[in-house]
Amino acid sequence: MHDAYEPVPILEKLPLQIDCLAAWEDWLLVGTKPGHLLLYRIKNNAGTNRFEVTLEKSNKNFSKKIQQLFVVSQYKILQSPSGEAQLRMCVAVKKKLQLYYWKDREFHELQGDFAAPDIPKSMAWCQNSICVGFKRDYYLIRMDGRGSIKELFPTGKQLEPWWPPGGVCTQKYALNWTDIPIAMEHQSPYIIAVLPRYVEIRTFEPRLLVQSVELQRPRFITSAGYCPTPMITLPGYQNPLRNMKDDVEGDKRQQIHHIQNLYAFNLFCQKRFDDSMQVFAKLGTDPTHVIGLYPDLLPADYRKQLHYPNPLPSLSGAELEKAHLALIDYLTQKRSHLVKQLNDSEPSTPSPLMEGTPTIKSRKKLLQIIDTTLLKCYLHTNVALVSPLLRLDNNHCHIEESEYILKKAHKYSELIILYEKKGLHQKALQVLLDQSTKANSPLKGHERTVQYLQRLVLSWVLKICPEDGLKIFTEDLTEVETLPRDKVLNFLKEGFKELTIPYLEHIVHVWEETEPEFHNVLIQLYLERVQGLMKQYLNSLPEGVPAVAAGKEEGDLGEFRNKLLCFLEVSTSYEPGRLISDFPFDGLLEERAVLLGRMGKHEQALFIYVHVLKDTHMAEEYCHRHYDKETDRSQDVYLSLLRMYLSPPDVHCLGPIKMELLEPQANLMAALHVLELHHSKLNTTKAIDLLPANTQIREIRVFLESVLEEEAQRKRFDQVLKSLLQAEFLRVQEERIFHQQVKCIITEEKTCRVCKKKMGNSAFARYPNGVVVHYFCCKDRGVCPTEQ
């Protein structure tokens, strides 16, 4: 952080409590609790932070109570809200709003009073409306003669409502304060908030905490009450953040961009590494210039070409590790961005940190530097991340540089991964040979060499004859079946992706694998094939010829789409919530409906069948598959279908399904068909409530007759069941009375069959044959003790 402002007291030990403030130019207005109005002139002594304060006027009888002050400098008056060509004022009197306008040095009534739903606590003009803050809510009241009221949002229970000038949302992301603000002021580029114990200064772009000023119980803020101090001093520039404004002129934009780079550099010098990297990422600064801020990460000859405005900070120990972690986050983000643009024909255009410094425009060269730098950073911070980086298919690490640093760090296992991914098998085998005889080496012995050669041979077999090569992983042998399937899958995905589907089909259908991840991957692979083939199929269709039904297409498309649909319906191990985002909204709707059904979102699934695919048979089949009267979310699935026929929802409420001219229409005939065939699976009352008011009894006669007949059968069944249960109850009661007639009398002479002592007043146990023992002596309830 830096000191954007310096707190300087200008008026102390005032004998009256201050209730509000207003300021303009060199003037400060103070409203006090007893109703006094004080006017001060404040002059700043040139070149210092000393102020000369003079009380110019005071009015002890201004008002009984001053709650709010507002200065309209252009009219030289003191009042509440202002307008533009015409000054308007809104006054809150209990639950009424009164409007006035300023003319000939007087306020005149503008129009009649407006009724408010509650007593206003604060107000602000917003064009031709007034934003009113009540005790718990904000409302927007239009001053257009009608006085229409719109509720905005609640304020919570902790503080009184407070209005922001203008009332227009200008930021997409909110500022996060360390406490709840009491008041705010915007003084570009800063936003200043009064918090319960201090004043906090932040910036919008980037969203940073700039300064925190501790004050005792601050309450009010006014823009003339704070004077910003120079934020940082950079060569040739002062107050750089003041220039971060939306000026789109070429030279000005370039100057602002340069200042922002200097600001990011200054943050780095202050050792605010995360904040610095965020600014550099947003500015698009050449990553090599950012990497050059760190010691020993760039080649020495290239590093000499880079120049910086000030000497770089010396970093070591924990500070260096923290700096490396911030750089890792920055480079990971840059790497992802560059990989996506790798096939673009236009060169990249990174900006220099300092004007005149050379930049690298080749994306491949940038990726090589970034990956090599990440490798170095991982070696400093988290060695476990080195291997995953080197195993990436698009790993761009510089071979010679990476080879050097891995050998220097004695990371020979990782070095072998580098060689293997780059196809340098002879070098990898030489390292394995050298390390196999070293006592303390993790590569000691011949096992790793055997494994490496096996992978080489395996790759060769799979390339020459993929079908026979796949038998290595699918042969019906115990040793093969117990191979680690996740590792086999990763191996095939890396080098033989066309074999992943046959392998997964084998372990799922033949070996009955139930791990969700394998099922998820198989569905994703089916989906990739279907989408690729679907694009070709649609492009080949003559104009005006509709596509055939799902899974009925010819050739590979029909085969794989049928596989996808069948697997989605049959498998119970995949995770629909993770997969559904992969399925498009404007195609593969049958598959999407199956996934929605697995997620229990029956209404959305039925919407697709009924109103998008317009297939009532598929909708009823769906209900047949999912109906379950024992579970809450599936017992009303037929009722959902009935609702979909009679009261179709708006297309936008069930997800962004992009279909042109999609207007859901009610279908009474289909609804009556559902009533007749599936009356036993419907809640009769709810079903009747869904029917239109003009439905004729004759239209639902069959439904009602079926329901009444079924109810009569259920009643007769329940009566018979009741009679049987009553008879069973009487039999059990009779048996209970018989067993309760048996008595057990304990006399003073009665002894325990086990310990031979008198029973006395101890707890006892009685066996069915009448033998009585102490409860403590009853070791086995099923074995009665015998006479000794």
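Predicted, not measured: the structure shown is a model, and the values here were computed from it.
Residues Glu403 and Tyr419 have side chains that bring a donor and an acceptor to within less than 3.5 angstrom of each other. Side chains of Tyr574 and Gln524: a donor-acceptor N/O pair is absent below 3.5 angstrom, by distance only. Side-chain contact check for Asp274 and Gln278: no donor-acceptor pair (N or O, by modelled atom type) lies under 3.5 Å.
Not a single donor-acceptor pair under 3.5 Å links the side chain of Thr285 to the backbone N or O of Pro352. For the pair Asp286 (side chain) and Ile360 (backbone), a donor-acceptor distance under 3.5 Å is present. Checked by atom type and distance alone, the side chain of Arg335 never pairs as donor or acceptor with a backbone atom of Ile370 at under 3.5 Å. A donor-acceptor pair is defined here as one N or O able to donate and one able to accept, closer than 3.5 Å; such a pair exists between the side chain of Asn490 and the backbone of Asp486. At least one donor-acceptor pair closer than 3.5 Å links the side chain of Tyr294 to the backbone N or O of Ala323. Under a 3.5 Å cut-off, the side chain of Arg303 and the backbone N or O of Gly292 do form a donor-acceptor pair. Between the His396 side chain and the Leu367 main chain, no donor and acceptor come within less than 3.5 Å of each other. Side chain of Thr372 to backbone of His398: a donor-acceptor contact under 3.5 angstrom is found.
Once rounded to the nearest 0.5 Å, the distance linking NE2 of His626 with CZ of Arg633 reads 9.5 Å. Taken from OH in Tyr378 to CG in Leu385, the straight-line distance is 5.5 Å, to the nearest 0.5 Å. Here the CG atom belonging to Leu415 is positioned 6.5 Å from the NZ atom belonging to Lys407, to the nearest 0.5 angstrom. Rounding to the nearest 0.5 angstrom, the gap separating the CG atom in Leu641 from the SG atom in Cys623 is 4.5 Å.
Residues Lys376 and Glu401 are paired through a salt bridge, judged by an N-O separation under 4.0 Å between the basic side chain and the carboxylate. A salt bridge is defined here as a Lys NZ or Arg NE, NH1 or NH2 lying under 4.0 Å from an Asp or Glu carboxylate O, and Lys421 with Asp393 meets this definition.
Using a 4.5 Å heavy-atom threshold, the side chains of Val488 and Ile507 count as separate. With contacts defined as side-chain heavy-atom distances shorter than 4.5 Å, the pair Thr500/Val521 does not qualify. Side chains of Phe607 and Pro664 form a contact here, defined as non-hydrogen atoms less than 4.5 Å apart. Using a 4.5 Å heavy-atom threshold, the side chains of Val610 and Pro648 count as separate. Contact annotation: the side chain of Thr288 never approaches that of Lys365 to less than 4.5 Å [non-hydrogen atoms, C-beta and beyond]. Taking the side chain as every heavy atom from C-beta outward, Cys397 and Leu390 approach each other to under 4.5 Å. Put simply, the side chain of Trp511 reaches to within 4.5 Å of the side chain of Arg485, judged on heavy atoms. At a threshold of 4.5 Å between non-hydrogen side-chain atoms, the residues Tyr638 and His624 count as touching.
When the shell of 6.0 Å around CD of Gln305 is examined, it contains more than 12 heavy atoms from other residues, nucleotides or ligands.
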Fill in: Intermediate values then yes/no, side chain to side chain contact (heavy atoms under 4.5 Å, CB included), Arg561 and Glu590
CA-CA 10 Å; Arg561 193 166 187 190; Glu590 293 90 339; 2.9 Å; yes
Discussion item. Under the criterion side-chain hydrogen bond (donor to acceptor under 3.5 Å, both in side chains), I'd like the reasoning laid out for Gln333 against Asp329: C-alpha separation, chi angles, the key distance, then a yes or no.
Written reply: CA-CA 6 Å; Gln333 177 184 347; Asp329 290 341; over 6 Å; no
Discussion item. Assess the residue pair Glu603 and Arg643 against the criterion (salt bridge (Lys or Arg N to Asp or Glu O under 4.0 Å)); give the C-alpha distance rounded to whole Å, side-chain angles, the decisive distance to 0.1 Å, and a yes or no.
Written reply: CA-CA 9 Å; Glu603 296 235 347; Arg643 187 182 298 110; 2.6 Å; yes
Discussion item. Side chain to side chain contact (heavy atoms under 4.5 Å, CB included), that's the test. Do Leu433 and Leu429 meet it? Break it down for me.
Written reply: CA-CA 6 Å; Leu433 178 61; Leu429 291 170; over 6 Å; no
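With sequence neighbours left out, the side chain to side chain donor-acceptor pair (under 3.5 Å) criterion links Asp636 to no other residue. Not a single salt bridge (Lys or Arg N to Asp or Glu O under 4.0 Å) links Glu569 to another residue, sequence neighbours left out.
A salt bridge (Lys or Arg N to Asp or Glu O under 4.0 Å) check over residues 515-535, counting only residues at least two apart or in different chains, returns the pairs Lys497-Glu528, Glu517-Arg578.
Ring geometry, Phe567 versus His519: the interplanar angle falls under 30°, so the pair is classed parallel (tilted spans 30 to 60°). The aromatic rings of Tyr622 and His602 sit perpendicular, their planes meeting at an angle over 60°, well past the 30° parallel limit.
The aromatic ring centres of Phe273 and Phe280 sit 6.0 Å or more apart.
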